[in-house]
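Below: the structure, in structure tokens.
Just so we're on the same page: letters track the sequence lines, and every chain starts at 1. Atoms considered below: every heavy atom in the structure, side chains included; atoms not considered: hydrogens, waters and symmetry mates. As the structure is a computational prediction, the values presented were derived from the model and not from experiment.
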Amino acid sequence: MKQVLVKLLEQSIQAAIDKGFLPPVAPPRIEVELTRDPGHGDYASNIAMILASQEKKNPREIAKTLLEGIEDRDGVLEKVEIAGPGFLNFFVREGGLTTLLDAVERQGDRYGSPDLGKGRRVQVEFVSANPTGPLHIGHARGAVVGDVVANILAAVGYQVFREYYINDAGNQMDNLGKSVLLRYRELLGETAEFPEGCYRGDYIRDLASELLKRDGERHLAQDAANVVPLFTDYAAGAILEGIKEDLRTFGVVFDLYFSERELYRDEGVEKLLRDLEEKGFIYREGEALWFRTTAFGDEKDRVVVRQNGAPTYFAADIAYHRNKFLRGFETVIDIWGADHHGYIPRMSAAVQALGHEKEALKIILVQLVNLLRDGKPVAMSTRSGEFVTLREVVDEVGRDAARYNFLMRRSDSHLDFDLELAKRQSNENPVYYVQYAHARICSILRMAAERGVAAPAAGEADASLLRLPEETELIKAITRFPEVVEGAARTLEPHRLTFYLNDLAALFHSYYKSNKVISEDGALTGARLFLVRSVLTVLKNALNMLGVSTPEKM
RNA sequence: GGGCGAUUAGCUCAGUUGGAUAGAGCGCUGGUCUCCGGAACCAGAGGUCGUGGGUUCAAGUCCCACAUCGCCCA
């Protein structure tokens, strides 16, 4: 329908040019949008105002000419009006919009997934928490945002690869091993002072006692320097397994856990440095090696190899990104905590220095989560071991509520997460509102089946019977879905889906309240079942993208 | 001191490349149930979109300055 109107406008503009009313310029991109206000018709275009500003003419006058030039040979339009500063408002003939529902029926679970990606390969890297402790609530938001961004991109035709970067080569890992060793000795009667940087959570003690059980006391006699690596490996391995398990429970599954150590094993960092040096981006100052990130707009150059000869975290990170592109990804998406925003210019510089477009790296910043219980903040600190883990949150509020709540804000804005609110099964909790709409429609379809009224197949229903304003609104909302998905994919903003879902569910609940789907009128019942099933399809497709379940009963 | 981001209803926040009378949820006030699921619906109150300039047919949206807050860096 939209394309039809665009076509009509194109022809009208051409006619105006032929008549000499408009100069023969390349016409701008014509925008036709579904209206929000029924008083503005079904579709509207601002093309007259665009042309007016180009040609320095009165917009309403241009609109008038365009209006007269529209030749609606197929009779799809009831009328066209000029409104406000020069909008063209299109009123579609009664029942004319209902053909839009055929697309839903035809495409089923593919509806709302336009093929934008054409199979291009995208990698999404997220969570990437150091395996020094269980994931906590702060990681949960990044996990969901990454997962859903990946889902959306996959839905619109990209080939998506999900990856977790394990930062397991730094001295934080040493601290982890030392921490476990200290607890191990403590279990054997030694008293220990915990130095700065060590981890004190209960899980450290658990790991120590597991190791004691497995290996006995034999590590006690040895020199600390000799046994720390063993403790580190054991602890990191066990913690990582726990992280994977927690993520699975949360519905997040990665294609690959990529270890930072791999980069050193395959000389990835050395290769990177040679690569950059050949391109002239590396210089020596003092004993350190510097990377000329200022060549790409960073505010100052960055050290990649320290005076002591050790590569920096940044160097490993560049090597990792080089590795990503070598594996053939066209676009690489990183999801970071918002406190890392200062890191963006240098990473962007690195990617460009490696010869890629700036746009090949996209970074999504995820803001901190304020965890609340009944409106009061819950104190957390990783060091002291006081934090609410991802696992605890999922166990307490459930996977669906947790995921949905993390998607209700733009990812770069702060989010209050209230445990009690997320648990409540009431109108304060939006996830149920949307799922309830889904369950209700399932219930209607069950009821219809029980009464022997089959929901009509495509083409069988006379959708032109759907003439109520509420029905038109529902159809428009359904029609908007592919555009919403496209917008969410383009901007990498999953929250657009939750807002859309709330709108759609509200329209449905309202419609349901004041209209009977199943009635004595067989033809009308068929048409309404058809409509309601379209709503169901959209709800299901959208919730699937969010990784939230679609219960048929609640 | 420099950089980035934010400032929209009592609270938490949306506002799609500048479009028509700025929206939603919660909270508040008052209503709806002989009917397919009340985890629902309807109505109402509530706004100088931080302040002041600028750009244009049109600014919450773009530009400049300032204020406040947050984060990063020195």
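A distance of 10.5 Å separates CD1 in I50(A) from CD1 in I30(A), rounded to the nearest 0.5 Å.
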Check: Under a cut-off of 3.5 Å for both distances of each Watson-Crick or G-U pair, what dot-bracket string does RNA chain B give, using [ ] for crossing pairs and | for inter-strand pairs?
Finding: (((((((..((((.....[...)))).(((((.......))))).....(((((..]....)))))))))))).
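Rounded to whole angstrom, the span from the CD atom of E420(A) across to the C1' atom of C26(B) amounts to 16 Å. For the pair I47(A) CD1 and A58(B) P, the computed distance is 19 Å after rounding to whole Å. Taking atom CD of E33(A) as the reference point, atom P of U16(B) lies 11 Å away to the nearest angstrom. One can place CG of N405(A) at 13 Å from P of C13(B), the figure rounded to the nearest angstrom. When rounded to the nearest whole Å, the span between CG of D298(A) and C1' of G2(B) equals 13 Å. Between the CZ atom of R410(A) and the C1' atom of C13(B) there is a distance of 11 Å, rounded to whole Å. Across the protein-nucleic acid pair, D412(A) atom CG and C71(B) atom C1' stand 13 Å apart, rounded to whole Å. Across the protein-nucleic acid pair, Q367(A) atom CD and C72(B) atom P stand 10 Å apart, rounded to whole Å.
Residues that satisfy the side chain to side chain contact (heavy atoms under 4.5 Å, CB included) test with E471(A), not counting sequence neighbours, are L466(A), L468(A), Y511(A), R528(A), L531(A). Applying the side chain to side chain contact (heavy atoms under 4.5 Å, CB included) test to A150(A) and every residue at least two apart in sequence or in another chain returns V124(A), V160(A), R162(A). Checked against side chain to side chain contact (heavy atoms under 4.5 Å, CB included), R440(A) has the following partners two or more places apart in sequence or in another chain: Y436(A), F508(A), H509(A), Y512(A). Residues forming a salt bridge (Lys or Arg N to Asp or Glu O under 4.0 Å) with R141(A) (at least two apart in sequence, or on another chain): none. In this structure K2(A) satisfies the salt bridge (Lys or Arg N to Asp or Glu O under 4.0 Å) test together with E483(A), sequence neighbours excluded. Annotation: salt bridge (Lys or Arg N to Asp or Glu O under 4.0 Å) contacts of D298(A) (sequence neighbours excluded): R302(A).
Judged by closest nucleotide on RNA chain B, M49(A) is the one of A439(A) and M49(A) placed further toward the 5' end. Place K553(A) and E31(A) on RNA chain B by their nearest nucleotides, and E31(A) ends up nearer the 5' end.
The aromatic rings of H136(A) and H139(A) are tilted relative to each other, their planes meeting at an angle between 30° and 60°. Using the six-membered ring where Trp is involved, F417(A) and F406(A) have ring planes that are parallel, under 30° apart on the 30 and 60° scheme. Below 30°, between 30° and 60°, or above 60°: for F291(A) and F281(A) the angle between ring planes is above 60°, a perpendicular geometry.
Taking atom P in both G60(B) and A20(B), one finds a spacing of 9 Å when rounded to whole Å. For the C1' atoms, the distance from A14(B) to A67(B) is 25 Å, rounded to whole Å. Taking atom P in both C41(B) and C26(B), the straight-line distance is 8 Å, to the nearest Å. Rounded to a whole angstrom, the distance from the C1' atom of U34(B) to that of G10(B) is 40 Å. A22(B) and U48(B) have their P atoms separated by 13 Å, given to the nearest Å. For G46(B) and A24(B), the C1' atoms lie 14 Å apart once the distance is rounded to whole Å. Rounded to whole Å, the P atom of A6(B) lies 14 Å from the corresponding atom of U17(B).
Distances shown here put every side-chain N or O of R440(A) at or beyond 4.0 Å from the OP1 or OP2 atom of A39(B). One finds a side-chain N or O of S413(A) lying less than 4.0 angstrom from the OP1 or OP2 phosphate oxygen of A14(B).
Applying a 4.0 Å cut-off to non-hydrogen atoms, the residues of residues 332-341 of chain A that approach RNA chain B are D339(A), H341(A), listed by residue number. Within residues 492-524 of chain A, the residues having any heavy atom under 4.0 Å from RNA chain B are, by residue number, H495(A), R496(A), F499(A), H509(A), S510(A), Y512(A), K513(A), N515(A), K516(A), V517(A), I518(A). Residues of residues 473-485 of chain A having a heavy atom closer than 4.0 Å to RNA chain B: none are found. Within residues 283-297 of chain A, no residue places a heavy atom under 4.0 Å from RNA chain B.
A salt bridge links K64(A) with E68(A); the closest basic N to acidic carboxylate O contact falls under 4.0 Å.
At the heavy-atom level, M554(A) lies under 4.0 Å from base atoms of the strands shown. Among the protein residues, A488(A) comes within range of no part of the nucleic acid, since none of its heavy atoms lies under 4.0 Å from any strand. No engagement by E61(A) is indicated, since no non-hydrogen atom pair under 4.0 Å with the nucleic acid exists.
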Item checked: Worked verdict on T498(A) versus V431(A) for side-chain contact (heavy atoms from CB on, under 4.5 Å) -> CA-CA 9 Å; T498(A) 55; V431(A) 67; over 6 Å; no
Check: Is there a side-chain contact (heavy atoms from CB on, under 4.5 Å) between L116(A) and E486(A) once you walk through the steps?
Finding: CA-CA 8 Å; L116(A) 309 173; E486(A) 183 170 342; 3.7 Å; yes
Check: Would T491(A) and R496(A) count as a side-chain contact (heavy atoms from CB on, under 4.5 Å) if you check the C-alpha gap in whole Å, the side-chain angles of each, and the deciding distance to 0.1 Å?
Finding: CA-CA 10 Å; T491(A) 57; R496(A) 293 187 185 208; 3.4 Å; yes
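Centroid-to-centroid, the aromatic rings of Y404(A) and Y433(A) stay 6.0 Å apart or farther.
Distance from the side chain of Y436(A) is smallest to A39(B) among C73(B), A39(B), C36(B). Each of G3(B), A40(B), G37(B) was ranked by its minimum atom distance to the side chain of E299(A); first place goes to G3(B).
Side-chain atoms of D462(A) and S464(A) form a donor-acceptor pair, as typed in the model, at a separation below 3.5 Å. Side chain to side chain, E61(A) and T65(A) fail the donor-acceptor criterion of an N or O pair below 3.5 Å. K516(A) and T525(A) are not linked by any side-chain donor-acceptor pair at a separation below 3.5 angstrom, with hydrogens and angles left out of the test. For the residue pair H321(A) / D334(A), a side-chain donor-acceptor distance below 3.5 Å is found, with atom types taken as modelled.
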All N/O contacts under 3.5 Å from nucleotides 20-22 of chain B to the protein, with atom names and distances to one decimal?
unit_1, atom_1, unit_2, atom_2, d
A20(B), N6, N89(A), OD1, 2.8
A20(B), N1, N89(A), OD1, 3.1
A20(B), N1, N89(A), ND2, 3.0

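The only option from L539(A), L543(A), V538(A), T537(A) that meets the side chain to side chain contact (heavy atoms under 4.5 Å, CB included) definition with N541(A) turns out to be T537(A).
Side chain of T35(A) to backbone of G41(A): a donor-acceptor contact under 3.5 angstrom is found.
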